[in-house]
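So the structure is just underneath, and the comments pick up after that.
In what follows, every chain begins at residue 1, and chains take the letters A, B, ... in the order their sequences are listed.
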2 protein chains.
Amino acid sequence: MGVIRKTKAVEVLLNEFNNSSTAISAKKLIAELDSTFNKTTIYRVLDKLEDDGILHSFLGKEGLKWYAKCNGCTASEHADLHPHFQCLSCGKVECLTVSVTLPKIPNKKIETSQLLLQGKCEACFV
Amino acid sequence: MGVIRKTKAVEVLLNEFNNSSTAISAKKLIAELDSTFNKTTIYRVLDKLEDDGILHSFLGKEGLKWYAKCNGCTASEHADLHPHFQCLSCGKVECLTVSVTLPKIPNKKIETSQLLLQGKCEACFV
DNA sequence: AATATAACGCAACAGTGTTGCATTAACAAA
DNA sequence: TTTGTTAATGCAACACTGTTGCGTTATATT
Ligand SMILES: [Mn+2]
Ligand SMILES: [Mn+2]
Ligand SMILES: [Zn+2]
Ligand SMILES: [Zn+2]
């Protein structure tokens with residue numbers, strides 16, 4: 001991939017992620033930017049930014065697709081093996097910087113994994 | 001919940017799970033039983049069996065819904081906190097009986113978690 | 001300025017799962 | 001066994017997230 005043009009949509013979406021400390025769902029971006037960009041454009045830009053190693057994606061509750069900024073990823077190597085957290089009260093989703101020790105599974109070759117923790121974020125469980 | 005009638009659909013679906021050591025996706029059940037039951041019926045029976053603590057569900061690759069037999073769950077208490085494995089070659093999905101040690105997350109109250117391991121099953125990585 | 005083509009908007013579609021409603025079947029009571 | 005209650009079913013239409021094809025527009029290069 002690569003060769004990405006600096007269009008309005010790319011600029012606006014990158015801004016969203018640079019100004020956010022949390023992950024953002026495609027659904028929310030579409031809702032917010034509905035009047036500015038077609039949803040197809042949003043999906044395509046997110047796809048491309050992921051291909052280019054700028055964003056990574058994962059599935060949250062109900063199979064919704066979430067995106068967040070990558071940390072030192074390139075188009076050829078994605079290292080988004082960290083777990084994610086989703087608050088069941090406010091819906092906020094974050095990348096966690098802790099590392100998980102995966103269980104040893106005999107007779108299986110584990111290539112990747114996804115861990116989604118759910119519960120209450122600091123603001124919600126007081 | 002509870003008060004479940006022993007209908008054909010319930011019987012057939014329970015049989016599917018009793019004869020399978022792996023998890024089964026709603027998608028596959030619908031494809032297989034298409035000529036026998038309406039997909040709505042299948043979805044509803046699966047829902048109900050889950051409510052009654054007989055099956056548990058989780059999301060696999062691409063957000064597809066998978067079901068598997070529960071082990072000592074009741075309608076009031078579901079303990080399906082085990083991880084799941086999905087083979088990226090043959091698509092097979094299993095419940096894993098290992099226990100995961102969740103990372104300690106400060107300032108968050110973890111209530112539940114989902115760990116999906118992906119890779120190659122024994123039959124596929126030879 | 002002219003050109004190449006990536007990115008866009010739009011409409012239609014794909015796939016999984018849900019809902020409303022009339023009909024049928026399970027089960028208990030008579 | 002017959003009757004009555006209502007859970008379960010089939011069907012069609014829908015909801016929702018995400019995708020595809022294609023003609024048009026905008027970006028970047030020459
Ligand atoms: Mn992340
Ligand atoms: Mn399981
Ligand atoms: Zn919260
Ligand atoms: Zn396999």
Side-chain angles (χ1 to χ4, degrees), chain A residues 1-17 23-68 75 84 86 91 93 114 116, chain B residues 1-17 23-68 75 84 86 91 93 114 116:
Chain A
M1 297 299 132
V3 190
I4 195 168
R5 292 185 179 178
K6 292 232 171 65
T7 64
K8 276 258 171 66
V10 169
E11 187 193 349
V12 168
L13 283 171
L14 278 181
N15 247 307
E16 289 284 326
F17 286 98
I24 316 177
S25 64
K27 179 181 179 176
K28 192 189 174 198
L29 288 168
I30 289 166
E32 266 180 30
L33 303 172
D34 188 40
S35 56
T36 314
F37 304 108
N38 188 274
K39 66 172 178 173
T40 308
T41 300
I42 295 174
Y43 280 121
R44 288 200 271 230
V45 169
L46 292 173
D47 272 6
K48 177 154 283 251
L49 290 174
E50 183 172 22
D51 281 343
D52 286 1
I54 295 163
L55 301 180
H56 65 275
S57 75
F58 55 94
L59 300 183
K61 225 160 63 86
E62 281 132 43
L64 282 207
K65 203 161 188 182
W66 290 76
Y67 287 87
H84 294 96
Q86 181 158 29
V93 174
Q114 294 145 50
L116 180 67
Chain B
M1 299 301 131
V3 190
I4 194 167
R5 294 184 178 177
K6 293 229 171 65
T7 64
K8 276 259 171 65
V10 169
E11 189 193 347
V12 168
L13 283 171
L14 277 182
N15 247 307
E16 290 282 328
F17 286 97
I24 316 178
S25 64
K27 179 180 179 177
K28 191 189 175 199
L29 288 168
I30 289 166
E32 265 181 31
L33 303 173
D34 188 39
S35 55
T36 314
F37 304 108
N38 187 274
K39 67 172 180 174
T40 309
T41 300
I42 295 174
Y43 279 121
R44 287 199 273 229
V45 169
L46 292 173
D47 271 7
K48 177 155 284 250
L49 291 175
E50 182 172 23
D51 281 344
D52 286 0
I54 295 164
L55 300 179
H56 64 275
S57 75
F58 55 94
L59 300 183
K61 223 160 65 85
E62 280 132 42
L64 281 207
K65 204 161 188 182
W66 290 76
Y67 287 86
H84 294 97
Q86 180 157 28
V93 174
Q114 293 147 49
L116 179 67

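B:E50 has its CD atom 14 Å from the C1' atom of C:dG17, to the nearest Å. As rounded to whole Å, 10 Å separates atom C1' of D:dA26 from atom NZ of A:K8. Note: CD1 (A:I4) to C1' (C:dT5) measures 15 Å, nearest angstrom. Straight-line distance from the CG atom of A:L59 to the C1' atom of D:dT17: 11 Å, rounded to whole Å. Rounded to a whole Å, the CG atom of A:L64 is 9 Å from the C1' atom of D:dC16. Protein atom CZ of B:F58 is 12 Å distant from nucleotide atom P of C:dG17, rounded to whole Å. As a whole-Å value, the separation of B:K61 NZ from C:dG15 C1' is 15 Å. The CZ-C1' distance, from B:R5 to D:dT9, rounds to 11 Å in whole Å.
Over its full length, the helix from C:dA1-D:dT30 to C:dA30-D:dT1 turns its helical axis through 30°, comparing axes from the five pairs at each end and rounding to 10°.
Considering every non-hydrogen atom in both B:Q86 and B:G91, the closest pair reads NE2-O, 3.7 Å.
Listed by residue number, A:N38, A:T40, A:T41, A:R44, A:V45 are the residues of residues 38-47 of chain A with a heavy-atom contact under 4.0 Å to DNA chain C. Within residues 27-37 of chain A, the residues having any heavy atom under 4.0 Å from DNA chain D are, by residue number, A:K27.
Ring-plane geometry between B:H84 and B:F58 is classed as parallel, the angle between the planes falling under 30 degrees on a 0 to 90 degree scale with a further cut at 60.
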